[in-house]
Peer 1: 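Okay, here's the structure, questions in a sec.
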Amino acid sequence: MQSVTELLSWLEATRLAEFIRESEWAFPAVESVHVIALALVIGTISIVDLRLLGLASTNRVYSELAKQVLPWTWGAFALAATSGTFMFISQPQTYLGNLAFRIKFALMFVAGVNMLVFQLITGRDASKWDRDAAAPLAGRIAATLSLVFWIAIVFFGRRIGFTTMPV
Amino acid sequence: MLALAQWLEHTSVSQEIQKALWLIPLLQTAHIIAIAMVLPSILMIELRILGVGKSLSMTQTSARYAPWLWTGLVLLAATGLGLIVGEPKRALPNPAFQIKMLMLAVTLTVALAFQTSLRRNIAFWEGHSLGRRLTGGFAVIVFFLWCAIAVAGRWIAYVHIA
């Protein structure tokens with residue numbers, strides 16, 4: 001634990017962290033990038049989830065749709081993670097102690113596990129069902145959970161701002 | 001604008017929104033979810049215009065994403081209106097808000113004009129190489145205009161009015 005605290009203090013003291021903390025425009029700029037990136041993450045994930053549920057893009061083969069859309073999800077996720085890290089290092093102690101922040105990261109972890117389980121089990125034999133109107137039950141459950149988790153992640157993400165700094 | 005904000009602040013609807021502490025964050029969350037409907041829909045349509053993902057025709061792509069785009073825009077307007085009524089002084093007199101609305105008007109005009117022209121002069125836009133290049137350029141510009149609106153929106157929280 002000691003080393004984590006040390007690492008956080010070191011991060012907080014870096015010139016980058018100081019700049020984000022003290023500049024008038026750096027934090028809002030990083031936060032704007034974060035909003036655009038997360039909108040792209042959630043919107044593109046939803047395209048895939050709605051296809052699994054059989055609610056949209058049903059005229060398309062699931063695997064082809066996922067192959068076209070998911071690279072954008074991952075690109076946007078990298079952008080969201082980077083901008084999120086920049087915001088985090090500006091006040092690491094404050095964020096770690098923030099309840100909304102903790103819930104958000106717990107939810108991100110669960111969303112990640114959900115995705116992994118889907119990829120390893122249902123996603124594995126996608127070729128058997130990817131022309132069907134909807135995925136098998138396990139896939140539909142994973143898609144529903146994914147939609148619920150990501151919406152909750154947005155809510156708790158926004159709550160962080162209300163409990164730490166200007167809204 | 002400040003006078004309007006002051007009047008709005010004292011209306012009963014505004015008072016109710018102010019009283020329910022969880023309502024503003026909830027409206028903001030819905031506003032962000034709506035952005036998540038709009039931006040990726042625009043991205044998918046613009047990518048198709050740029051020639052990515054030709055497994056769907058332009059018409060099919062538009063049929064898939066345009067309803068989500070419009071639903072998202074309506075949800076954005078509704079939640080945005082709720083946020084203005086709930087915190088009129090934070091929004092109306094705020095230069096970031098005013099710039100955002102101006103950019104919104106410009107973007108909607110450009111996007112609609114582009115769409116109308118695309119439909120009417122399909123031979124020019126898709127037939128000639130110059131037309132195709134212009135179409136691609138427009139698609140990229142429109143996408144970044146929408147992103148700029150989101151940036152101006154986030155900035156509302158950081159511009160403080162005396």
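Chain letters run A, B, ... following the sequence lines, proteins first, then strands; residues in each count from 1.
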Peer 1: Does a sphere of radius 6.0 Å around CD in Glu22(A) hold more than 12 heavy atoms from other residues, nucleotides or ligands, not counting ones at 6.0 Å or beyond?
Peer 2: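 Yes, the 6.0 Å shell around CD holds more than 12 heavy atoms from other groups.
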Peer 1: Hey, does Pro25(B) have a side-chain heavy atom less than 4.5 Å from the side chain of Arg159(A)?
Peer 2: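 Contact flag for Arg159(A)/Pro25(B) side chains = yes.
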Peer 1: Flag yes if more than 12 heavy atoms outside Arg21(A) fall under 6.0 Å of its CZ atom; otherwise flag no.
Peer 2: yes
Peer 1: Can you say whether Val154(A) sits under 4.5 Å from chain B via the side chain, the backbone, both, or neither, judging by heavy atoms?
Peer 2: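 For Val154(A), backbone and side chain are both near chain B.
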Peer 1: Please step through side chain to side chain contact (heavy atoms under 4.5 Å, CB included) for the pair Ile32(B) and Phe155(A), ending with a clear verdict.
Peer 2: CA-CA 9 Å; Ile32(B) 296 174; Phe155(A) 176 75; over 6 Å; no
Peer 1: Can you give me the closest heavy-atom contact between Val52(B) and Gln68(A), atom names plus distance?
Peer 2: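 Looking at all heavy atoms of both residues, the shortest contact is O-NE2, 4.4 Å.
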Peer 1: Give, as side chain, backbone, both or neither, the part of Ile153(A) having an atom under 4.5 angstrom from any heavy atom of chain B.
Peer 2: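 Neither; nothing under 4.5 Å.
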Peer 1: Of all the heavy-atom pairs spanning Gly43(A) and Pro40(B), show the shortest one and how long it is.
Peer 2: CA-CG, 3.5 Å
Peer 1: Hey, is CH2 on Trp150(A) packed in by over 12 heavy atoms from elsewhere, all under 6.0 Å?
Peer 2: yes
Peer 1: Going through the distances and angles, do Phe156(A) and Thr29(B) end up as a side chain to side chain contact (heavy atoms under 4.5 Å, CB included)?
Peer 2: CA-CA 9 Å; Phe156(A) 286 104; Thr29(B) 303; over 6 Å; no
Peer 1: What part of Ala76(A) is in contact with chain B, defined as an atom under 4.5 angstrom from a non-hydrogen atom: side chain, backbone, both or neither?
Peer 2: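 No part of Ala76(A) comes within 4.5 Å of chain B.
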Peer 1: Distance from Glu64(A) atom CD to Ser55(B) atom OG, nearest 0.5 Å?
Peer 2: 6.0 Å
Peer 1: Let me know if Ser57(A) has heavy atoms under 4.5 Å from chain B in its side chain, its backbone, both or neither.
Peer 2: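 Answer is both: backbone and side chain atoms of Ser57(A) are under 4.5 Å from chain B.
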Peer 1: Any non-hydrogen side-chain atom of Met44(B) less than 4.5 Å from a side-chain atom of Val69(A)?
Peer 2: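 Met44(B) vs Val69(A): side chains touch.
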Peer 1: Could you tell me if the side chain of Val151(B) sits less than 4.5 Å from the side chain of Ile36(A), heavy atoms only?
Peer 2: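 Yes; the side chains approach each other to less than 4.5 Å.
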Peer 1: Side-chain heavy atoms under 4.5 angstrom apart, residues restricted to Ile, Leu, Val, Met, Phe, Trp, Tyr: same cluster for Leu70(A) and Ile121(A)?
Peer 2: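 No, no single cluster joins them.
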Peer 1: Checking heavy atoms, do the side chain of Leu39(B), its backbone, both or neither come under 4.5 Å from chain A?
Peer 2: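 The answer is both parts of Leu39(B).
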Peer 1: What distance separates Asn59(A) CG from Gln60(B) CD, expressed to the nearest 0.5 Å?
Peer 2: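 Answer for the CG-CD pair, Asn59(A) versus Gln60(B), is 6.0 Å.
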Peer 1: Group every Ile, Leu, Val, Met, Phe, Trp and Tyr by side-chain heavy-atom contacts under 4.5 Å, then state whether Met115(A) and Tyr62(A) land in the same group.
Peer 2: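 Yes, it is one cluster - the side chains of Met115(A) and Tyr62(A) are joined through contacts under 4.5 Å.
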Peer 1: Rounded to the nearest 0.5 Å, how far apart are CD1 of Ile35(B) and CD1 of Ile42(A)?
Peer 2: 10.5 Å
Peer 1: Output the option from Ile24(B), Leu47(B), Ile156(B) having the highest count of non-hydrogen pairs under 4.5 Å with chain A.
Peer 2: Leu47(B)
Peer 1: So if you build clusters from Ile, Leu, Val, Met, Phe, Trp, Tyr with side-chain heavy-atom gaps below 4.5 Å, do Phe88(A) and Leu99(A) land together?
Peer 2: yes
Peer 1: Evaluate the side chain to side chain contact (heavy atoms under 4.5 Å, CB included) criterion for residues Tyr158(B) and Glu31(A): first the C-alpha distance (whole Å), next the side-chain angles of each, then the deciding distance (0.1 Å), finally the verdict.
Peer 2: CA-CA 11 Å; Tyr158(B) 295 91; Glu31(A) 203 185 3; 2.4 Å; yes
Peer 1: Checking heavy atoms, do the side chain of Trp146(B), its backbone, both or neither come under 4.5 Å from chain A?
Peer 2: neither
Peer 1: Under a single-linkage definition using a 4.5 Å side-chain heavy-atom cutoff for Ile, Leu, Val, Met, Phe, Trp and Tyr, are Leu26(B) and Val35(A) assigned to the same hydrophobic cluster?
Peer 2: yes
Peer 1: Nearest 0.5 Å please: distance from the CD1 atom of Ile47(A) over to the OH atom of Tyr65(B).
Peer 2: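 The CD1 atom of Ile47(A) sits 4.0 Å away from the OH atom of Tyr65(B).
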Peer 1: Counting only heavy atoms closer than 4.5 Å, note whether Trp72(A) contacts chain B via side chain, backbone, both or neither.
Peer 2: side chain
Peer 1: Heavy atoms only: give me the nearest Ile33(B)-Ile151(A) pair and the separation to one decimal.
Peer 2: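 Nearest heavy atoms, Ile33(B) then Ile151(A): CD1-CG1, 3.9 Å.
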Peer 1: Do Ile99(B) and Leu4(B) belong together in a cluster built from hydrophobic side chains that touch within less than 4.5 Å?
Peer 2: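 Same hydrophobic cluster.
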